[in-house]
Amino acid sequence: MTTSDGTRPTSGLRLGLRANLGQFTLLVAINALVGGMLGQERTVLPLLADRVFHLDAYTSALTYILAFGATKAVTNFFAGTLSDRYGRKPVLVAGWLIALPVPAMLAWGPSWGWIVAANVLLGVNQGLTWSTTVIMKIDLAGPERRGLAMGFNEAAGYVAVAATAMATGAIAAHYGLRPAPFLLGAAYVVLALGLSTLAVRETRDYARAEAARHPAPDSPDRHSELTTSQIAWLTSARDKALSAASQAGLVNNLNDALAWGIFPLLFAAHGLSITQIGILAALYPAVWGAGQMLTGWWSDHIGRKHLITTGMLVQAAAIALVAAGNTFGVWAGAQILLGVGTALVYPTLLATIGDVAHPAWRARAVGVYRLWRDGGFAIGALLAGILADAYGLTTAIWSIAALTAASGLLVAARMYETHPRT
């Protein structure tokens, strides 16, 4: 049944995790496959740049992260707008269609340009699919359990990043850097496309149902009728909580670019094996992923701001420990600490955006936030590469540790608490 404007009636829809458990669980599983697509690169690609394509300059070697981050950031922005206009499911399916050639390009691409091109497509895939699963879970969860919902979403994605990074490292140690590790990614694409097409249901009407019962706005900034440019300005600069979250998200993913592109090169330079590098590459997202189920729930009870501030400062300490260390044991401890700090931050930032944004423009606000956040991949790859080429790997890592600490202090000074309970 539809209304006169072609939409489904929203009065019978129930918000909440329990009421929508089946679809929520399916979306968690699909986001695990999204994360797995990223995880197939974490161990293998830095080594491919060094050992197969013989790229000497760190800046050149990190071009795949730059291409991925820039493309994903821009795609995030459009994913929110497109999902408001056409619905969430079509955007999700389109993201998986775009990913189809990526594993083959990584496995058999004859030049580094093919690897960079594959990461452009992967950035579009991640921007469309990860953004959409976030938006769909926020649609379903309602305001009371938004942090927990984001914890499950991000946990699924990053536990899959970790598991796939470890799996591809083990496969590469036995069968070589190409093509075997990327066959896992090919299986992920086929499975995710099938589930998204056949089993996922549209969730846009849940956002409309929440908007219909949303309290009247107490300021023009909270009004339901804002243009996309107004939303972009509000999220990026005007609103203290939204803008503080956006800069913290950018620095967080700048750190992830460092862990993805620079850490494996540092570990290899100190003589660690591919298997050891794979374990270290998996430890950080594993702790990050699993921890988010707790930290997302925790933020629903104690608020967002202090978890974000603490998480950024813990990340800074972990990155500094990587720079100071020179053994597997020290680096393993640093990766665990980095995972803890990121777990405190990641779902809490998304929950903050959901707290502040009106349901009518929340998807676009998520898109703007994720534009800034995933822009951190591109900025991180460029900054870390330039610093590593000019001053060495260790100096690059120390510099980004200092930047991360500054970001945490900025959150402490600028952000206001957003959770309605607190």
Check: Thr295 side chain, Ala343 main-chain N or O, donor-acceptor pair, under 3.5 Å: yes
Arg364 vs Arg85 side-chain heavy atoms within contact, under 4.5 Å: no
Evaluation steps, side-chain contact (heavy atoms from CB on, under 4.5 Å), between Val356 and Tyr416: CA-CA 11 Å; Val356 176; Tyr416 59 86; 3.9 Å; yes
Atom of Pro179, atom of Ala107 and distance for their closest heavy-atom approach: CB-CB, 3.6 Å
Backbone N/O of Phe68 and side chain of Thr71: donor-acceptor pair under 3.5 Å: no
Side-chain donor or acceptor of Ser246 paired with backbone N/O of Thr235 under 3.5 Å: yes
Short side-chain to backbone donor-acceptor contact, Gln23 and Asn20, under 3.5 Å: no
Aromatic ring pairing Tyr64/Trp112, orientation class (parallel under 30°, perpendicular over 60°, tilted between): perpendicular
Side-chain heavy-atom pair Val34, Trp96 within 4.5 angstrom cut-off: yes
Pairwise side-chain contact, Val251 with Met312, heavy-atom cut-off 4.5 Å (strictly under): yes
Minimum-distance pair of heavy atoms, taken over all atoms of Val159 and Ala286: CG2-O, 4.3 Å
Any donor-acceptor N or O pair under 3.5 Å, side chains Ser229, Thr227: yes
Near-ring test Phe263/Tyr284, centroid separation under 6.0 angstrom: no
Side-chain H-bond candidate by donor/acceptor type, Asp374 with Gln126, under 3.5 Å: no
Steps toward side-chain hydrogen bond (donor to acceptor under 3.5 Å, both in side chains) verdict (Tyr346, Asn153): CA-CA 10 Å; Tyr346 222 69; Asn153 185 79; over 6 Å; no
Side chain to side chain, Leu45 and Asn119, heavy atoms closer than 4.5 Å: yes
Lys89 side-chain N/O to Val200 backbone N/O, donor-acceptor pair under 3.5 Å: yes
Criterion side-chain hydrogen bond (donor to acceptor under 3.5 Å, both in side chains) on Arg304 and Thr348, from CA distance to verdict: CA-CA 6 Å; Arg304 320 296 191 197; Thr348 315; over 6 Å; no
Sole residue of Leu338, Val340, Ile400, Leu337 in side chain to side chain contact (heavy atoms under 4.5 Å, CB included) with Gln315: Leu338
Minimum heavy-atom distance Ala401-Ala320, with the two atoms named: CB-N, 3.8 Å
Taking every non-hydrogen atom, the tightest pair across Thr81 and Thr228: OG1-CG2, 4.3 Å
Close side-chain approach of Pro90 and Glu202, heavy atoms under 4.5 Å: yes
Phe152 vs Met293 side-chain heavy atoms within contact, under 4.5 Å: yes
Close aromatic pair by centroid cut-off 6.0 Å: Tyr391 and Trp398: no
Residue pair Thr164 / Tyr188, side-chain donor-acceptor N/O under 3.5 Å: yes
Among Asp139, Thr132, Thr133, the one residue meeting side-chain hydrogen bond (donor to acceptor under 3.5 Å, both in side chains) with Arg88: Asp139
Test log, rule side-chain hydrogen bond (donor to acceptor under 3.5 Å, both in side chains), inputs Asn76 and Tyr369: CA-CA 8 Å; Asn76 285 332; Tyr369 160 72; over 6 Å; no
Test item: Gln335 side-chain N/O and Leu283 main-chain N/O as donor-acceptor pair under 3.5 Å: no
Main-chain N/O of Gly80 paired with Ser83 side-chain donor or acceptor, under 3.5 Å: yes
Phe78 CZ: over 12 foreign heavy atoms closer than 6.0 Å: no
Donor-acceptor pair, side chain of Lys137 and main chain of Phe24, under 3.5 angstrom: no
Side-chain heavy atoms of Leu106 within contact of Ile115, under 4.5 Å: yes
Heavy atoms from other residues, nucleotides or ligands near CH2 of Trp372 exceed 12 (cutoff 6.0 Å): no
Aromatic plane relationship, Tyr158 with Trp288 - under 30° parallel, 30 to 60° tilted, over 60° perpendicular: parallel
Sub-4.5 Å side-chain heavy-atom contact between Leu387 and Tyr58: no
Main-chain N/O of Gly109 paired to Arg178 side chain as donor or acceptor, under 3.5 Å: yes
